[in-house]
Amino acid sequence: MAGACSTLCLIIITLFIPPLGVFMIAGCGVDFWINVLLTILGYFPGHIHAFYLEYVYYDRRDRDPLTRASQRPAPGVYSDRIQNGGHRHTPADLNYGTV
């Protein structure tokens, strides 16, 4: 239930201030500054970008670590935190030395 509550709070924050929602999942990096620029240029593009980043973040957070490690990076996402779904480390090569 706590996960659903935090997701709902993040969506509500993103509805009003898209860069703040991006800051909460990505930190102060390239994705945040791209979202600030998109929000200044047009409020709607800032929303699209923010919700796309949140979708990628929550999709990858809920995946199995093995599939998360083997998937390709999401296009247009520059934050490693979003690419890994908030997990710091991806599993090492699981072939254990075999090719």
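Position 1 is the first residue of the sequence; numbering continues from there.
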Residue pairs meeting salt bridge (charged side-chain N to carboxylate O under 4.0 Å, His left out), one or both in residues 3-21, sequence neighbours left out, come to none
Measure from the side-chain N and O atoms of Asp31 to the backbone N and O of Ser79, and report whether any donor-acceptor pair falls under 3.5 Å. yes
If you take all heavy atoms of Leu10 and Gly21, which pair is closest and at what distance? CD1-O, 3.6 Å
Please tell me whether Phe16 and Phe44 are part of a single hydrophobic cluster in this structure, the criterion being side-chain heavy atoms less than 4.5 Å apart. no
Taking side chain as C-beta onward, heavy atoms only, is Trp33 less than 4.5 Å from Pro19? no
List the atom of Gln83, the atom of Pro73, and the distance in Å for their closest heavy-atom pair. OE1-CA, 3.4 Å
Checking Asp80 now: which residues fulfil salt bridge (charged side-chain N to carboxylate O under 4.0 Å, His left out) with it, not counting sequence neighbours? none
Cut-off 3.5 Å, no hydrogens considered: what does the side-chain donor-acceptor table look like for residues 48-58, sequence neighbours left out?
{"from": "His49", "atom 1": "ND1", "to": "Asn35", "atom 2": "ND2", "distance (Å)": "3.1"}
{"from": "Tyr52", "atom 1": "OH", "to": "Pro75", "atom 2": "O", "distance (Å)": "2.8"}
{"from": "Glu54", "atom 1": "OE2", "to": "Thr14", "atom 2": "OG1", "distance (Å)": "2.4"}

Between OG on residue Ser6 and CD1 on residue Ile13, distance to nearest 0.5 Å: 10.0 Å
Side-chain heavy atoms under 4.5 angstrom apart, residues restricted to Ile, Leu, Val, Met, Phe, Trp, Tyr: same cluster for Ile34 and Leu41? no
Are Val22 and Met24 connected into the same hydrophobic cluster when the rule is that any two of I, L, V, M, F, W, Y join if their side-chain heavy atoms are below 4.5 Å apart? yes
Do Leu38 and Ile17 share a hydrophobic cluster (ILVMFWY, side-chain heavy atoms under 4.5 Å, transitive)? no
Around atom OH of Tyr43, are there more than 12 heavy atoms from other residues, nucleotides or ligands closer than 6.0 Å? yes
